[in-house]
Amino acid sequence: VYKRQNHCYANEANSQFGSLMTSKLRIAHNSYFPLIILFLLLFCWPTAFLVGQTEEEESEEKLERLEETRRQTILYGIDSQVEELIKELKEEQNDGFNDALVELFQNSNNENLRRRVLDFFLTLEDDRLRKSAQSMLERWEEYGANTVSELIRYLENFQNEEITELFFEILDEPNSSIASRALRAIGKAKTARLEYSQRLLDYKDDENFRPQLEGELIAALGALESPEAVEYVADIALDEDRESSLRWRACQALGDIGGEDAFKAVRELLNSDDTYLRAYAVGALAGFENQDVVDVLIDALRDGFWRVRVQAARALGELQAREAVEILEYKARQDPDVRNVRLAAVKALGAMDQPEAYEILRDLLGDEKANPLLRQEAARLLVENDLSESLDDITKLIEREWDKEKPIMLDYLCKQLSTTRDKSLSDLYRKMLSHPKLINLHLYGLRGIRLNGLSGLKEDVEKLTDKKYARSVRQLAQSVLEQL
């Protein structure tokens, strides 16, 4: 009883004390609230700012460490490490280490490594290796055939008079593969083209000329667009006793050269019994611009050999022959060869850049009975060439495919959109992130958001870092958040 009474007294006392303290705290809160806010502003906000600043500095430090590691790899790494680094830089299109790579190219004795460096600089269209590569090519006898061919492949894109003369010298090289590579390079010369074509015509009559080089010679004359070479090339194309492969290359060269005489020769070949020669002749017609060409190509779409029809469709697309739209639509839907001719007709319609052609592609895209391969090609062409006008049709197709068990078109279409730079696609990217099952769509949406820098979708991206999503999705979502 005593304890119980004391307990009650204590509770009462505590209650009174609690009421008193609550009252005092309310007074203190009202009196010191402005000071508390001031304290938070002076001390806590700068701390938060410094934390953000520290994170940014850490990111910069990581980048600096990566760059330093890469520089050391170029300077001191074994060949396989350097080759792997060059591969990474090529994928990134990263030219930040080119000066170091120039020095490596000049000092390395590893021909394979030097070829990798040449290929990298060629990919970036960087001519900083020109002098070093030219110096090496002047001593071509000292190097293997692969290295010499790679040197020529690089230098042919940065030709000057000295380099082209060097290519002519290499024509006497006993190794026919190297001489052939030099011939091909001469065909890419940008200056003195008439002079070089005449020298090549003289070269074919030289006692040291090898018959195995004639194919590359014909191709080089075509690339130089030499009118003086028409007679020589046409004679080969029309000569039934010559090798078929030479006649095919002669056809291509005549198309490259162009002109009335070349057109007459090519047109004559359309009646050949050699089906492949007819196909090459039809393909060559794309190099001529007159109404007769379009009529001949439209007629060639009825040829019994599928390669001829494919070449005709491609040529009509290249010429953007509007009058061929109707027959190309028929070929896209009715030709007996689906994987070759129908597909070529669809691609030709996409190359037309005509409203009526795009309308045909939109109809094909929405036709569920059409071949999936053709619908996919229509989707690619519309996304690449006519997105603004086709966006409504694309959105409707995505809605129709959304709940299907095997939505082949949905996956393909979203993949195409994920590689497209267009901020108007933000709603579709958000929708991709919301699919209940398909991991691929989550990844496509994230890639599209990253590509277009859509920072307004940060909250949607952040949801995908939750553990309920696949690991690959969480990792990509985190990466995208950092980049945004």
Between Leu425 and Leu391, is a side-chain contact (heavy atoms from CB on, under 4.5 Å) present by the stated rule, with each step listed?
CA-CA 9 Å; Leu425 296 173; Leu391 192 55; 3.7 Å; yes
At their closest point, which heavy atom of Leu328 faces which heavy atom of Ala313, and how far apart are they?
CD2-CB, 4.1 Å
Donor-acceptor pair, distance only, cut-off 3.5 Å: does the side chain of Asp337 make one with the backbone of Asn340?
yes
Treating Asn452 as the side-chain partner and Gly448 as the backbone partner, does any N or O pair qualify as donor plus acceptor under 3.5 Å?
yes
Please report the interatomic distance CD(Gln134) to CD(Gln159), rounded to the nearest 0.5 Å.
11.0 Å
Using a 4.5 Å cut-off on heavy atoms from C-beta on, say whether the side chain of Val338 contacts that of Leu373.
no
Has Arg249 got a side-chain atom pairing as donor or acceptor with Ala219's backbone, closer than 3.5 angstrom?
no
Would you say CD1 of Ile408 has more than 12 non-hydrogen atoms from neighbouring residues, nucleotides or ligands within 6.0 angstrom?
no
Using side-chain contact (heavy atoms from CB on, under 4.5 Å), reason through Cys414 and Asn440 one step at a time and then give a plain yes or no.
CA-CA 9 Å; Cys414 290; Asn440 277 1; over 6 Å; no
Donor-acceptor contact below 3.5 Å, side chain Arg247 vs main chain Asp239:
yes
Take Leu364 and Leu349, measure what side-chain contact (heavy atoms from CB on, under 4.5 Å) needs, and give me the verdict at the end.
CA-CA 11 Å; Leu364 183 61; Leu349 288 167; over 6 Å; no
Roughly how far, to the nearest 0.5 Å, is CD1 of Ile86 from CG of Leu113?
5.0 Å
Would you say CD of Glu243 has more than 12 non-hydrogen atoms from neighbouring residues, nucleotides or ligands within 6.0 angstrom?
no
Phe97 versus Leu85: any side-chain heavy-atom pair under 4.5 Å?
no
Run the salt bridge (charged side-chain N to carboxylate O under 4.0 Å, His left out) test against Asp261 and tell me which residues pass, sequence neighbours left out.
none
Taking the side chain from Ser390 and the backbone from Leu387, do they hold a donor-acceptor pair closer than 3.5 Å?
no
Taking everything shown except Asp466 itself, do over 12 heavy atoms lie less than 6.0 Å from its CG?
yes
CG of Leu457 to CG of Asp427, rounded to nearest 0.5 Å, is 8.0 Å
Minimum side-chain heavy-atom gap Leu183-Leu200 below 4.5 Å:
yes
Is it true that atom CZ of Arg339 has more than 12 heavy atoms of other residues, nucleotides or ligands lying nearer than 6.0 Å?
no
Between Arg309 and Asp335, does a salt bridge (charged side-chain N to carboxylate O under 4.0 Å, His left out) hold up when you go through it step by step?
CA-CA 10 Å; Arg309 302 199 301 278; Asp335 194 277; 3.0 Å; yes
At what distance, to the nearest 0.5 angstrom, does CG of Asn157 lie from CG of Asp127?
10.5 Å
Testing the basics here: between Val346 and Ala378, what is the closest heavy-atom pair and its distance to 0.1 Å?
CG1-N, 4.1 Å
Hey, does Arg153 have a side-chain heavy atom less than 4.5 Å from the side chain of Glu150?
yes
Which word best sums up how the rings of Trp248 and Tyr280 line up, parallel for under 30°, tilted for 30 to 60°, or perpendicular for over 60°?
parallel
Should Glu84 and Thr73 count as side-chain neighbours, where that means a heavy-atom distance under 4.5 Å?
no
How far apart are the closest heavy atoms of Ser418 and Tyr444, and which atoms are they?
CB-O, 3.2 Å
With sequence neighbours excluded, give me every salt bridge (Lys or Arg N to Asp or Glu O under 4.0 Å) pair touching residues 414-424.
none
Are the side chains of Leu428 and Thr395 in contact, using a 4.5 Å heavy-atom criterion?
yes
Over all heavy atoms of both residues, which pair between Arg342 and Ala332 is shortest? Give the atoms and the distance, please.
CD-O, 3.4 Å
Interatomic distance, Arg130 atom CZ to Ser132 atom OG [nearest 0.5 angstrom]
11.5 Å
Check: Gln93 side chain, Lys90 main-chain N or O, donor-acceptor pair, under 3.5 Å
yes
With Tyr358 as partner, the option from Asp353, Asp386, Asp393, Asp363 fulfilling side-chain hydrogen bond (donor to acceptor under 3.5 Å, both in side chains) is Asp353
Would you please test Leu217 and Tyr232 for side-chain contact (heavy atoms from CB on, under 4.5 Å) and show each step?
CA-CA 11 Å; Leu217 175 66; Tyr232 164 66; 3.8 Å; yes
In plain terms, say whether Glu482 and Lys62 are close enough for a salt bridge, that is, a side-chain N and a carboxylate O under 4.0 Å apart.
no
Compare every heavy atom of Ile257 with every heavy atom of Gly222, then report the nearest pair and how far apart it is.
CA-CG1, 3.9 Å
I need the single residue from Arg362, Arg375, Arg333 that forms a side-chain hydrogen bond (donor to acceptor under 3.5 Å, both in side chains) with Asp367. Which is it?
Arg333
Exceeds 12 heavy-atom contacts within 6.0 angstrom, atom CD of Glu326
no
Answer whether the closest heavy-atom distance between the side chains of Cys251 and Leu277 falls below 4.5 Å.
yes
Is any side-chain heavy atom of Lys87 closer than 4.5 Å to a side-chain heavy atom of Glu91?
yes
Going by an N to O cut-off under 4.0 Å, is there a salt bridge joining Glu462 and Lys458?
no
Heavy-atom count check: over 12 atoms from other residues, nucleotides or ligands less than 6.0 Å from Glu125 CD?
no
Tyr429 side chain vs Leu417 backbone, donor-acceptor pair below 3.5 Å:
yes
Is Asp126 salt-bridged to Arg128, going by a charged N under 4.0 Å from an acidic O?
yes
Taking NZ, NE, NH1 and NH2 as the nitrogens, is one of them in Arg380 or Glu377 under 4.0 Å from a carboxylate oxygen of the other?
yes
Exam field: side chain His435 to backbone His442, donor-acceptor pair closer than 3.5 Å
no
Does Leu194 offer a backbone N or O that forms a donor-acceptor pair with the side chain of Ser197 under 3.5 Å?
yes
When you check the side-chain N and O atoms of Asn112 and Glu83, is any donor under 3.5 Å from an acceptor?
yes
Applying salt bridge (charged side-chain N to carboxylate O under 4.0 Å, His left out), run through Asp119 and Arg116 and close with a yes or a no.
CA-CA 5 Å; Asp119 178 67; Arg116 293 291 180 91; over 6 Å; no
What is the minimum heavy-atom distance between Ala470 and Ile439, and which atoms define it?
CB-CD1, 3.7 Å
Can a donor-acceptor pair be found, under 3.5 Å and without considering hydrogens, that links the side chain of Lys331 to the backbone of Leu301?
yes
Taking atom CD of Glu240 as the centre, does the number of heavy atoms from other residues, nucleotides or ligands within less than 6.0 Å exceed 12?
no
May I ask you to check whether over 12 heavy atoms, not counting those of Gln483, lie within 6.0 Å of atom CD?
yes
How many angstroms lie between atom CG of Leu285 and atom CZ of Arg314, to the nearest 0.5 angstrom?
14.5 Å
